[in-house]
Amino acid sequence: MIEAGQPLIQIQDLTKVFYTDEIETHALSGIHLSVNRGEYVAMSGPSGCGKSTLLSIIGLLDTPTAGRYSLNGKTVENLDFAERSRIRNQEIGFIFQSFNLIGDLTVYENVELPLTYRQRMPAADRKSRVMEALERVGMAHRIRHYPSQLSGGQQQRVAVARALGGKPSILLADEPTGNLDSRNGEAVMELLQNLHREGATICMVTHDPRFAKHAQREVHLFDGKVVAEEELRKLLQETSA
Amino acid sequence: MSGLLQDLQYAARQLRKSPGFATVAIVTLALGIGANTAIFSLLDQALLRSLPVKDVDRLVILKYSGSNIPGLLRCRTDGKFYFSYPMYRDLRDRNSVFSGLIATDWTQVGVQWHNQPDLVAAELVSGNYFDVLSLQPALGRLFAASDDLKADASPVVVLSFSYWQRRFGTDPGILNQSILVNGHPFTVVGVAPPGFHSVVLGDTPDVFVPMMMQAEVMPGSKDLDSHQSSWLNIVGKLKPGISREQAEAGVAPLWYALRSDELKSINTTGESEGFRDRFLTKSHLLVLDGARGFSPLRSDVQMPLLIVMGMVALVALMACANVGSLLLVRASGRIREMSVRYALGAKRRRVVQQLLVEGMLLGSAGGLLGMLLAPQVSSLLISMLWSGGTGDLPFSARPDLRIMLFNCSLALFASLLFSLAPAAQFWRPDLAPALKQQGTTARSGSLRFRRVSVAMQIGLSLTLLVGAGLFVRTLHNLRSLNAGFTTDHLVTFGIDPRMAGYEPVRTFALYRSVFETLSGLPGVRSVAATNDPELANDNESGNIAIAGYAEKSHEDMNVEQPNVSADYFATLQVPLLAGRAFTLQDSAESQKVAVVNESFARHFFGDPQQALGHLIGYGGATPKTDTAIVGVVKDSKHASLREPVTPTLFRPYVQLSQAQAMTFYVRTWQQPESAEGTIRRAMQTLDPNVVLDTFRTMNEQVDNNLIAERVIALLASGFGVLAALMAAVGLYGVLAYSTMQRTSEIGIRMALGATRASVVRMVLLEVLWLAGISIAVALPVSLLLMYAVRSQLYGISGSDPLTLCGMTVLVTLVALASAMLPARRAARVEPMAALRHE
Ligand SMILES: Nc1ncnc2c1ncn2[C@@H]1O[C@H](COP(=O)(O)OP(=O)(O)O)[C@@H](O)[C@H]1O
Ligand SMILES: [Mg+2]
């Protein structure tokens, strides 16, 4: 259990360097960030500034080059693969820009998938969780459909249900509206808003200022660093000048 | 065909770019085509091809149904009906439906020329043989009816073309020269045309001799006047315009008349009405299609060749499936390339043409290599199947052009077909999603096809492996079968002194000195001989009568009758059960004696002890019973390991009225191979003109006896392993591709918490699924196939659970093994792959 007031995510002096073909890319340099339980944080910044990289480190898809990261009070930056898999499965719900549903599985099976990776979860529990999540996003009537038979907005709602099914500590969304038209985009944003109101902790990457306004707090990234909003504006003006 | 050259260049570049793919595809095709062409050429020669003679469709073979003549003096016991010479003569001279009937038999003779002895195959033929077959000589003349009028009156021979080449260097000067056949001078009158071997398919006689010279060519036989010697094959030529059915109907009254005469001539007292029925009323002369020649060989090799052909067909099918799925892998990897081509305005036809050109290139490369391979495979097979035979091989390794072309076009067709499969996939491409595909939401139909193809390959390889397992175990069972005598440290060879011109008296004397000389050699334990060699598919049988024995109605009184030397049972180590074995005291002058085997004793007397003392007579209806049974030996296998033991009556060869060819057995102390030199030298000093025939160890003889089984077992295992390899390659291909295609899916799964172990499990499960389904289909199919070939199995059932289970496990393991690499690669996918999108 976490003591009250302790942040769910605490990141200190985090650095990520990619080495490709003898080129070093400093995707993140010295990031400090903490996210509290129940918070709704939006991360924004120009393309290539490191938003996805940061989100994937938060989601334990990737490991930092240096720095400290504790999730739910536990130091997680140096865990092995199996342990990270377990935490991803239990603590984190992902929502991707391209939905990333599995084409050969039905809606139901897609949502059930993360639960099947948990050890010893009774089938009945799984079923009630899946149906609960699908009802929550309004897709319970489509459980036998395949992703290709759904519209983009519907697919993304199924993806949200999949993220919810595991009852994670935090929802991570990387440009969840990037592949959607504005109407469907609005609907997904509204869904996230509602989830937040019900107590979910959300970290969302977006470069759309309108959607960023939905969040409680906005974190601006520029060239791998967290910057204040005014500073960002200044920097952007400089680069465009 | 616009841009064909460009497409060809592009296709060649594509193949060069993926040499692994190209090599696997071409080698697979080549193996399939090579093996197929080779086997089919043999099958064609053995089973399908016609004799190279004129009016071949008018040739017929005569056989008959109904009982054989009772009290036969001489009869072949291979279950086929042969004719006596008087019967042949009467049929030939008194029928009205054939323009000619020829009689033929095969034998071995000693030929001496310039003092060089040589053992060759001879065909004893009626004088009209070459006339009826409308053959023209390559040199000199062929036989005429006048060569075959009076017994012993026309010592002439015709050489086969290949013997003329081999022995006389195609020298025309041989014409009208004299050569010694079995010690008798014969004049060479001509050479048979090239390409013609014999009317009996599979026989390759070196010389042809007129029928009337039988006494010289087959010493000891004087069958020409006997109704009670059935030994001839009859081939006829129908008169023009007469069908086989008409001929059969037309010759029926003659057959009835001739058989009635025969029935009158034999003593019919005691012959029941039932026998009369079977001998006469129910007996019919059959006129069978003879266009492809007689073939004792055909029935011998038919089943093995059909089995091999079946295996080859399965392998070829696998090769096609394999190349097909290889082409599909590449095609699926190129959907985007093709979509771009479409987007850039390519017409469908061009895209399809591109694929076809690639398929054709592969097909022709594979076909070419396969054609180069085919003769090699053929000669390998021929040398395996006919090892140890004398004379020419009846089959040529030169593959038939028609078959080659057929197989090549088959390969080309198959590769074109398979290159079209991906074309169908590109026919109506969904341009938009293909171009901006996110890679994860697409479901691939090609994958389904490739799964089916892999499942098929797994199933086929299981079928082949089950076959291999059963045939290998059949061979093992036969090999480890107790022959009833000890085959180790035993050397065997045959001699026929009559072929070196020996008279009967001198022959017996020679045999005596052979025993003396060989027994005295260092390292020799004992020496024995028989006129009826063991495990050589040889039979010497005849009817017997037993004094005081109440024959059941039409009881089969035909028993095997070898004539053996005194030490025979001791040398072969056949245990004595009752009485005594032969001794040197049993001579031509002493009481006639016999030793019977256990089966004989049990069949006629119920017990070995009971057999002793009974008197036996031979042939005829009421023969003199003057031979006393003095001993009983344990059963041993005779003609072949496969055949059950038959009642056998051994007699001392010294009590034979006529000396015959003998096969010797030398039991050695040291390795039998090392005795060969010593034995050959000793025989050389006895008489250099006596040729040693088939000198080998008994274990070699056993192997030779099992030649068909060995070839099948060897080929089945070879093809089984090949099939398993191909299935493994195919499976690997499918999995490597499908896991690659699923990289982002696997990434998503990992992002959602899948562990590496669970990804490996997922891939392996997929394989198990595929393997399970194909095994479920293949097992019943294998059972059916094995039931069809059950006659070739020995000591094991076609549904042997151990073999079935073992091979199923093996196939599953092979499948899992080939899945390991793709599975491990899948497990190395980084979960980050889920986030990456182009
Ligand atoms: N796997 C990788 N290998 C090398 N460079 C990478 C990799 N992933 C991201 N980068 C680089 O890191 C920087 C940040 O990328 P990313 O986090 O995807 O930006 P954003 O999501 O903000 O657009 C970019 O310069 C990108 O090229
Ligand atoms: Mg990004």
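Residue numbering restarts at 1 for every chain, and letters A, B, ... go by the order of the sequence lines. Computed from heavy atoms alone, side chains included, the values below leave out hydrogens, waters and symmetry copies. Note that the structure is a prediction, hence the values are computed from the model and not measured.
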Got a list of side-chain donor-acceptor pairs under 3.5 Å for residues 161-168 of chain A, not counting sequence neighbours?
unit_1: A/Arg162; atom_1: NH1; unit_2: A/Asn100; atom_2: O; d: 3.1
unit_1: A/Arg162; atom_1: NH2; unit_2: A/Phe99; atom_2: O; d: 3.4
unit_1: A/Arg162; atom_1: NH2; unit_2: A/Asn100; atom_2: O; d: 3.1
unit_1: A/Lys167; atom_1: NZ; unit_2: A/Glu132; atom_2: OE2; d: 3.4

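- To the nearest 0.5 Å, atoms CZ (B/Arg828) and CZ (A/Phe81) are separated by 12.0 Å.
- Rounded to the nearest 0.5 angstrom, A/Phe96 CZ and B/Ile748 CD1 are separated by 6.5 Å.
- Shown are B/Leu752, B/Thr755, B/Val759; of these, the side-chain contact (heavy atoms from CB on, under 4.5 Å) with A/Ser85 is made only by B/Thr755.
- Within a 6.0 Å sphere centred on CZ of A/Arg118, other residues, nucleotides and ligands contribute more than 12 heavy atoms.
- Shortest non-hydrogen contact noted between A/Tyr117 and B/Ala754 is CZ-CB, 3.4 Å.
- For A/His207, the NE2 atom sits in a loose shell: 12 or fewer heavy atoms of surrounding residues, nucleotides or ligands are nearer than 6.0 Å.
- Around CZ of A/Arg126, the count of heavy atoms belonging to other residues, nucleotides or ligands within 6.0 Å exceeds 12.
- Between A/Arg88 and B/Gly753, the shortest heavy-atom contact is NE-N, 4.3 Å.
- Checked against ring pair (Phe, Tyr, Trp, His ring centres under 6.0 Å), A/His196 has the following partners two or more places apart in sequence or in another chain: A/Tyr40.
- Residue A/Thr116 holds its OG1 atom at 7.5 Å from CZ of B/Arg749, rounded to the nearest 0.5 Å.
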